[in-house]
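Atoms within each ligand, like the ligands themselves, are counted from 1 in listed order.
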Amino acid sequence: MSNLTSLTISELQSGFRKGDFTPADSVRALEARIQEVDAEVGAYLARDFESALAAAETADVSLPLGGVPVGIKDVINVLGEQCSCGSKILAGYKAPYDATAIKKLREAGAIPFGRLNMDEFAMGSSTENSAYQITRNPWDTTRIPGGSSGGSAAAVAAREAFGTLGSDTGGSIRQPASLCGVIGLKPSYGRVSRYGLVAFASSLDQIGPFARSTRDCAAILNAIAGKDPHDSTSLDLPAEDFTSRMTGDLKGVRLGIPKEYFVDGMDARVRAKVEDAIKTCEGLGAELVEVSLPHTEYAIGVYYIIATAEASANLARFDGVRYGHRAKNPTDLLDHYKRTREEGFGSEVKRRIILGTYVLSSGYYDAYYLRAQKVRTLIRRDFTGAFEKVDALVCPTSPDLAFKIGERVNDPLRMYLADIFTIAANLAGICGISVPCGLVEEQGRQLPVGLQFLGKPLDESRLLGIADAYEQAGAKEVLATIP
Ligand code: GLN
């Protein structure tokens with residue numbers, strides 16, 4: 001049954017409904033595929049086939065995602081399952097409740113399945129910051145899958161999952177989707193409840209889907225979107241079918257090309273693929289308009305002030321009293337805190353906590369944090385201005401192809417630059433998606449390139465319509481050769 005794992009979610013569902021195979025068959029097929037490849041890929045930190053099979057046996061395939069297993073990043077709480085956030089400090093921690101996104105997946109009939117590897121507390125762009133294991137890019141296992149949701153992207157690319165959930169604070173869904181040749185959607189801020197998503201930077205975090213089709217991403221978003229009384233930043237909006245604008249063409253769509261997103265220093269082959277993809281969009285009927293986002297150059301700097309500030313506050317709760325790791329035989333309370341955190345957190349997390357504490361400290365708050373908030377407003381206004389002229393923006397997702405494991409671990413600044421095209425969307429709260437747009441040969445291997453579309457806040461239906469039209473015309477080569 002392992003060929004079942006090549007199906008998209010919508011193909012899987014039509015098979016369920018016709019009675020060609022059952023949800024239990026799909027779980028068994030995933031099991032076989034995971035046994036076959038995950039020792040090498042390393043996408044899953046944990047998986048429980050038995051409980052997935054039990055859920056599959058009673059699944060109602062008439063529900064919107066009835067019987068569909070969905071893999072979960074290890075930062076989203078699923079009742080009774082581990083939630084380590086890729087960190088030693090939460091080793092052995094079991095979630096006491098379902099995140100709202102999980103509750104909604106279950107209501108739609110889906111089966112939350114497995115725990116996917118990630119950079120510790122979602123801080124990173126390569127999944128190398130996981131305290132547990134390396135995840136390898138299925139296209140070339142000497143390379144990183146991107147991050148921080150590297151397990152979620154690699155599992156979909158390696159056909160070890162039909163769809164997965166990740167989280168995106170500065171690019172952590174779109175960048176790994178791009179490097180793994182799959183589709184990854186970051187919804188607008190407020191679209192999906194963050195309740196039960198372990199917080200990294202609360203004003204930037206969003207949960208979103210990965211899949212091998214845009215339509216599947218829309219179907220998962222249909223299930224998880226919506227107002228939640230447990231998250232005051234979730235928005236109360238009329239229910240929407242996010243597949244409703246999939247017309248297959250781009251007639252009447254004005255697509256903006258932000259000139260600041262075609263920088264010197266990006267991989268020339270990536271640039272060429274993205275330029276070809278933009279021509280394809282034009283062929284589908286889009287009108288291309290050059291736009292400017294003049295504050296782009298400040299996005300990374302602003303992000304590393306705001307995200308670290310919020311992280312330093314959010315991570316204060318890991319004190320060894322309430323959750324996870326606890327230092328042995330402390331001499332006093334301060335020693336308990338210090339050693340618990342020293343032992344439990346990895347070096348990138350410590351770096352962020354120190355940076356964040358610094359930018360919030362008295363005397364520096366105005367110079368760094370407050371100023372960063374002001375520049376964040378300017379970045380948001382850049383997008384508001386651009387969206388007065390165009391319906392969506394089109395640009396690269398990542399400036400580079402997947403890089404080699406180990407290549408950037410000692411160069412945090414270079415690692416931070418991996419998100420140069422994705423971070424501003426989080427600062428502005430808009431939605432974004434990465435769709436594969438071609439393959440580049442590198443050292444005898446094919447590596448995928450991602451095309452990013454950015455949409456107005458809460459304009460996911462249109463964004464997904466645009467991405468779907470592009471996918472039909474331009475992503476087939478990549479999706480058909482998925483390893
Ligand atoms: N790579 C970025 C960081 O390290 C973004 C991470 C994310 O989106 N969670 O913070």
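Contacts between Arg174 and ligand 1 below 4.0 angstrom, taking non-hydrogen atoms only, are absent altogether. Contacts of Phe121 with ligand 1, taken as heavy-atom pairs under 4.0 Å, are absent altogether. Contacts between Thr169 and ligand 1, counted as non-hydrogen atom pairs separated by less than 4.0 Å, involve both the backbone and the side chain.
There is a side-chain donor-acceptor pair under 3.5 Å between Ser188 and Glu460. Side-chain atoms of Ser125 and Asp419 include a donor-acceptor pair closer than 3.5 Å. Arg194 and Tyr189 form a side-chain donor-acceptor contact under 3.5 Å, judged by distance and modelled atom types alone.
Thr135 pairs in a side-chain hydrogen bond (donor to acceptor under 3.5 Å, both in side chains) with only one of the listed residues (Thr141, Thr127, Asn117), which is Asn117.
Atoms of ligand 1 found under 4.0 Å from any heavy atom of Tyr304, numbered from 1 in the order shown, are 2 (C), 3 (C), 4 (O), 10 (O). Listed by number with element, the atoms of ligand 1 under 4.0 Å from a non-hydrogen atom of Met123 are 4 (O). Close approach to Ser148 involves these atoms of ligand 1, each under 4.0 Å from a residue heavy atom: 9 (N). When each atom of ligand 1 is checked for a heavy atom of Gly124 under 4.0 Å away, the hits are 1 (N), 2 (C), 3 (C), 4 (O), 6 (C).
Looking only at heavy atoms of the protein, atom 1 (N) of ligand 1 is closest to Asp419 OD2, 2.4 Å. The protein non-hydrogen atom at the shortest distance from atom 5 (C) of ligand 1 is Tyr303 OH, 3.3 Å. With respect to atom 6 (C) of ligand 1, the closest heavy atom belonging to the protein is Ser172 OG, 2.9 Å.
The distance criterion of under 3.5 Å between nitrogen or oxygen atoms is met by Ala122 with respect to ligand 1. In terms of polar-atom proximity, Ser125 is counted as a contact of ligand 1, with an N or O under 3.5 Å from an N or O of the ligand. Considering backbone and side-chain atoms together, Gly147 places no N or O closer than 3.5 Å to any N or O of ligand 1. Geometrically, ligand 1 and Phe200 share no nitrogen or oxygen pair separated by less than 3.5 Å.
To the nearest 0.5 angstrom, Leu185 atom CG is 10.0 Å from Phe210 atom CZ. Considering CE of Met123 and OH of Tyr416, their distance stands at 9.5 Å, rounded to 0.5 Å. The CZ atom of Arg143 sits 10.5 Å away from atom CZ of Phe403, with the distance rounded to the nearest 0.5 Å.
Between Arg408 and Asp400 there is a salt bridge, with a side-chain nitrogen of the basic residue lying less than 4.0 Å from a carboxylate oxygen of the acidic one.
Residue Arg352 places a heavy atom less than 4.0 Å from ligand 1. For Ala307, the heavy-atom gap to ligand 1 stays at 4.0 angstrom or more.
Between Phe318 and Tyr323, the ring planes are tilted. Angles from 30° to 60° get that label.
Scored by the ring pair (Phe, Tyr, Trp, His ring centres under 6.0 Å) test, Tyr358 finds Tyr364, Tyr368 as partners (sequence neighbours excluded).
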